[in-house]
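Below, all heavy atoms of this structure are taken into account, side chains as well, without hydrogens, waters or symmetry copies.
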Amino acid sequence: MTATIAKPEAPVKNLAMDLVRVTEAGALASARWLGKGDKNAGDQAAVDAMRLSFNSMDIAGTVIIGEGEKDAAPMLYNGEQVGTGQGVAMDIAVDPVEGTNLLAFGRPNAISVVGVAPGGSMFNPGPSFYMQKLVVPAPARDAVDLDAPVDVNLKHIAKALGKDVDDLVVFVLDKPRHEKLIKKIRGCGARIQLHTDGDVAGALMAVDPRSEVDVMMGTGGTPEGVIAACAIKAMGGQLFGRLDPQSFVEKEALQEAGIDMREIMTVESMIKSDDVFFAATGISGGTFLRGVQYTGTGAITHSMVMRAKTGSVRYIEAHHNLDRLMKISAVAYD
């Protein structure tokens, strides 16, 4: 019997290379507001720049994961149509400034992020704002269980990574809801990075082999979980999540929408396609992605760009001449 050999596909356009222009625009526009205490102004600058950049792309994009509903900030709103409308239908997950407080107060790891998948393939969280998450790198993707005790998961992760538990670094959002979780992690002997905001960045750190973070635990944003899933698709890790409403109003809205709050979701159930693209650009800098650096005549940005189908991950340092850029761009970068 002759084995069937899959026919190689011809290379197609990597949309992530266009998406990085979108996140670069958002980062360049919002970084002017670093440390100025006005998170909405920084967010608005990123939104305006990214919307203009999106609309130069030959896609028929629909924003599935937008921003603004949770904190009433300016938004690329859910359901908004982006792109020229002439290309393929795509679902868009975007956060122009992930970590608006980080930007406003000049703290590390504010980033501009966007993920894109074929139309109809992206999980829509509806009225859900919060999700319990466990994010691990590729070697540990089959070693953990969202419902297992913290000490058991940490032992399995350590074994999968060839480490001791006290070698591990766990990313946790520094929130009152995590008081018990933090005690349990410390009780196991693992080390902790506490961050005030930025759980997309935290999820990416957990699966990025360059990062010192080994795992992310705790409850963060549901939309941010879907955005992170786009990147994790490419990097080969895993995100286990379950909706975790933090108020009676949120829980009631989920019940009325008929959404199962017991279901454990994964990257595969949140993004039901391998044809996924992702880009992120640093805004405020930090250990994950360096921030926007202004040189007097221009700026330097640092980004990561991914395509899930090929598993390619690129790290891009771009040097921008703002005077030349502003002659052809409607975005105000000064």
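Using a 4.5 Å cut-off between side-chain heavy atoms of Ile, Leu, Val, Met, Phe, Trp and Tyr, with links allowed through other members, V172 and M131 fall into different hydrophobic clusters. If you chain together hydrophobic residues whose side chains sit under 4.5 Å apart, V207 and Y315 fall into the same group. Hydrophobic clustering (ILVMFWY, side-chain heavy atoms < 4.5 Å, transitive): L52 and W33 are in distinct clusters. Hydrophobic clustering, with ILVMFWY side chains joined whenever heavy atoms are under 4.5 angstrom apart, keeps L173 apart from V215. Both I59 and V22 are assigned to one and the same hydrophobic cluster, defined by single-linkage of ILVMFWY side chains at heavy-atom distances under 4.5 Å.
Using a 4.5 Å heavy-atom threshold, the side chains of K251 and Q255 count as touching. Considering only heavy atoms from C-beta on, T295 stays 4.5 Å or farther from H319 through its side chain. By the 4.5 Å heavy-atom criterion applied to side chains, H195 and V213 are not counted as neighbours. Side-chain contact between D95 and P223: absent, with no pair of heavy atoms (C-beta onward) separated by less than 4.5 Å. Looking at heavy atoms from C-beta onward, L161 lies in side-chain contact with L168 at the 4.5 angstrom threshold. With a 4.5 Å cut-off on side-chain heavy atoms, F54 and V114 count as touching. Counting heavy atoms from C-beta on, the side chains of P245 and L254 come closer than 4.5 Å. You'll find the side chain of M17 stays beyond 4.5 Å of the side chain of R307, heavy atoms only.
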Criterion side chain to side chain contact (heavy atoms under 4.5 Å, CB included) on I192 and I182, from CA distance to verdict:
CA-CA 8 Å; I192 299 176; I182 290 168; 3.9 Å; yes
From CA spacing to verdict: side chain to side chain contact (heavy atoms under 4.5 Å, CB included), K175, D197
CA-CA 9 Å; K175 306 292 183 183; D197 300 276; 3.8 Å; yes
* **side chain to side chain contact (heavy atoms under 4.5 Å, CB included) assessment of L34 paired with I283** => CA-CA 8 Å; L34 178 70; I283 302 174; 5.8 Å; no
Take I259 and S128, measure what side chain to side chain contact (heavy atoms under 4.5 Å, CB included) needs, and give me the verdict at the end.
CA-CA 9 Å; I259 297 175; S128 175; 5.7 Å; no
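Within a 6.0 Å radius of NZ in K184, no more than 12 heavy atoms belonging to other residues, nucleotides or ligands are found. Within 6.0 Å of NZ in K183 there are 12 or fewer heavy atoms belonging to other residues, nucleotides or ligands. For CZ of R314, the number of neighbouring non-hydrogen atoms (other residues, nucleotides, ligands) closer than 6.0 Å is 12 at most. Crowding of E317 atom CD: a count of heavy atoms from other residues, nucleotides or ligands under 6.0 Å exceeding 12.
Closest non-hydrogen pair, T84 versus G87, comes out as OG1-N, 4.5 Å. Here the shortest heavy-atom pairing between G83 and N55 reads N-OD1, 3.0 Å. Counting all heavy atoms, side chain and backbone alike, P125 lies closest to T222 at CB-CG2, 3.4 Å. Contact between F277 and A16 at its shortest, heavy atoms only, is CD2-N, 3.6 Å. Here the closest heavy-atom approach between residue L146 and residue F240 is recorded as CD1-O, 4.0 Å. Here the closest non-hydrogen pair linking I271 and C230 is CD1-SG, 3.8 Å.
Taking CE from M90 and CD1 from I64, the interatomic distance works out to 11.5 Å, rounded to the nearest 0.5 Å. Atoms CD1 and OG1, from I111 and T281 in turn, are 9.0 Å apart once rounded to the nearest 0.5 Å. Rounding to the nearest 0.5 Å gives a distance of 7.0 Å between CD1 of I92 and CE of M122. Once rounded to the nearest 0.5 Å, the distance linking CZ of F278 with OG1 of T23 reads 8.5 Å. Between F171 atom CZ and L204 atom CG the span is 10.0 Å, to the nearest 0.5 Å. Atom CE of M217 and atom CG of N153 lie 5.0 Å apart (nearest 0.5 Å).
Remark: side-chain polar atoms of H156 are paired, donor with acceptor, to backbone N or O of A143 under 3.5 angstrom. Checked by atom type and distance alone, the side chain of N78 pairs as donor or acceptor with a backbone atom of G66 at under 3.5 Å. Counting only distance, with no hydrogens or angles, the side chain of R242 and the backbone of I264 share no donor-acceptor pair below 3.5 Å. Put simply, the side chain of R191 gets close to the backbone of D167: a donor and an acceptor are under 3.5 Å apart. S269 places no side-chain N or O within donor-acceptor distance of the main-chain N or O of M265, the cut-off being under 3.5 Å. No donor-acceptor distance shorter than 3.5 angstrom exists from the side chain of Q81 to the backbone of A60, with no hydrogens or angles considered. Panel note: side chain K309, backbone V276; no donor-acceptor pair is recorded below 3.5 Å. A donor-acceptor distance shorter than 3.5 angstrom exists from the side chain of S211 to the backbone of M205, with no hydrogens or angles considered. E250 contributes a side-chain N or O that, together with a main-chain N or O of F129, makes up a donor-acceptor pair within less than 3.5 Å. A donor-acceptor distance shorter than 3.5 angstrom exists from the side chain of D91 to the backbone of G120, with no hydrogens or angles considered.
Residue pairs meeting the salt bridge (Lys or Arg N to Asp or Glu O under 4.0 Å) criterion with at least one member in residues 198-209, sequence neighbours excluded, are K133-D199, D208-R210.
Judged purely by distance below 3.5 Å, without hydrogens or angles, the side chains of D43 and T100 never pair a donor atom with an acceptor atom. A donor-acceptor pair shorter than 3.5 Å can be found between the side chains of D48 and Q44. A donor atom on one side chain and an acceptor atom on the other are not found under 3.5 Å apart for S121 and S273.
By the 4.0 Å N-to-carboxylate-O rule, R141 lies close enough to E268 to be salt-bridged with it. By the 4.0 Å N-to-carboxylate-O rule, D274 lies close enough to K233 to be salt-bridged with it.
Scored by the side-chain contact (heavy atoms from CB on, under 4.5 Å) test, D174 finds L194 as partners (sequence neighbours excluded).
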